[in-house]
Amino acid sequence: MSRFPMPALTRRAFLASAAAGAMLPFRQSPAGAAAIREVRLRAAPGGIRLLPRPAGEVAAWCYNGTVPGPEIRVRQGERLRVEVENGLAEETTVHWHGVRVPHAMDGVPHLTQKPIGAGGRFVYEFEAVDAGTFWYHPHQRSFEQVGRGLYGPLIVEEPEPVRVDREVTWVLGDWRLTKSGAISEDFGNRHDIHHNGRVGNTVTINGRVPDTFAVRTGERIRLRLINAANARIFSPDFAGHEPVAIALDGQPVAPHAPAGGRVVLGPAMRADLILDMTGKPGSRVSISDRFYEGLGYKLVELVYDDTPLRERAPDWPLALPANSLPEPDLETASRNEVVFAGGMMGEMVAQDMGESMGPVAPGGMMRDMNSMMGMMQAMNSSTAWFINGVAADEASHDMKPALTLERNKSHVIAMANATAWHHPIHLHGHSFRVISRNGQPTRNREWQDTVLISPREKVEIAFVADNSGDWMFHCHVLEHQAGGMMAVFRVA
Ligand code: C2O
Ligand code: CU
């Protein structure tokens, strides 16, 4: 059992939260100061019920004994104070993915803090500047720590949220289970590193293999989707329902129907969808996901109640109030080129695209070595991926900045994916606008913190570098990150 059955610190807060239902505790600070919400998270091994009975519990790593960890909810503008206790037998940290926190609170080992040793503690505290759907996870050996279940949702509520009947969070997880139902121990194996990461065989919603999800005709749901998988890309098909995206990566976007009715969420990405339940009372509708060709599966089944909630969908407004993000000025922005290279079959793509892997890329050897030998060599190395020719070595703890960005200035990062694989590219400390794909301006100029880049695709992002420090910039396929696909951007 967790020593902290509830993420509560004070008795008063506990009572208040018990009275208010399942809300997290809340402590009023001295007059004038922002309200502080206090939470305790304990990372430790635990048993979870992933599969329906009679299957037994699965040994996983949990925050406060559950996967996902507790849903932390704060109001925009409040401060969040999280005391993390490390009950693992190894070092850890917690990163607040997508939240624009001060550098020292970003949870990156050796870059923003000393890792939290086994049995150690660390207190994170920051203001929830942006409303939206965020999440938290370790940044220490993430490919294993996240893959064993360490992740949880962090919801920052708007002062005036859009009107819906029900708000639902789905943390999407993906597990590689063995025949006996245990988590496969092959974390960080070379094949995963060099291909599309640890794509598993068991998909969960909120830590459970889902069966059905009860809805009512006429109901309006705000569905917060969070992709917490190491490597799996999700693209749920709501079969006849027409979801409207109102936020991506937590940041409001002009309400729009995603292409083909399907959002595509790479690892770490989020989407807030408005779903009007337009099915018939008593009907059942399967939500499936066919992102990977030939590997489609049923995610969950919507089960309509026999009694409708209302005759037709409500016509309540959909748009969320914008967060106050500094607007990049493209006229004065610096322009920075970033090329991603490596991985199996990457050499071919890089040559086609006229991109070089850079002078120090061992992949350069492959050019001259007629494939098989070179591929074998690359396969036997755990560095597989290159950002502007450099594969990061996480163990060295000494990453030179790949780019230095002038503080409070606008910057464009023009990225080219010269590989045969998808990469969800994440920048810490900032949100950025996705301004173009393959030279075409994007329709919504969406704010994101993680952008999914398809094989051979070119994507431009723009932002104001207003948060000083050395920030991680990496692929969120956690095996790619472990295989060198990360860099540091310095804002100074
Ligand atoms: Cu979600 Cu660098 O991480
Ligand atoms: Cu990647």
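Numbers for residues simply follow the sequence, beginning at 1. Keep in mind it's a predicted model, so treat the numbers as computed, not measured. As the structure lists them, so they are numbered: ligands from 1, and atoms in each ligand from 1.
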Phe143 vs Arg198 side-chain heavy atoms within contact, under 4.5 Å: no

Salt-bridge criterion met for Arg176 and Asp192 (N-O under 4.0 Å): yes

Protein N/O/S atoms closer than 2.8 Å to atom 1 (Cu) of ligand 1: His97 ND1, His137 NE2, His476 NE2

Which atom names give the shortest non-hydrogen contact between Ala131 and Gln76, and what distance separates them? N-NE2, 3.3 Å

Set of residues satisfying side chain to side chain contact (heavy atoms under 4.5 Å, CB included) with respect to Ala418, sequence neighbours excluded: Val339, Ala350, Met353, Glu355

side-chain contact (heavy atoms from CB on, under 4.5 Å) between Val253 and Asp272: does it pass, once the steps are laid out? CA-CA 10 Å; Val253 66; Asp272 287 44; over 6 Å; no

Take the Cu ion (ligand 2) and tell me which protein N, O or S atoms are nearer than 2.8 Å. His423 ND1, Cys475 SG, His480 ND1

To check your reading of the site, what angle at atom 2 (Cu) of ligand 1 do NE2 of His428 and NE2 of His474 form, to 10°? 110°

Qualifying residue for ring-ring contact (aromatic ring centres under 6.0 Å, His included) with His97, from Phe134, Tyr151, Trp135: Trp135

The single option from His137, His95, His423 passing ring-ring contact (aromatic ring centres under 6.0 Å, His included) against His476: His137

Can you confirm whether the side chains of Asn467 and His430 place a donor and an acceptor under 3.5 Å from each other? no

Short side-chain to backbone donor-acceptor contact, Asp249 and Asp449, under 3.5 Å: yes

Output all residues satisfying side-chain hydrogen bond (donor to acceptor under 3.5 Å, both in side chains) with Arg445, sequence neighbours left out; order by chain, then residue number. none

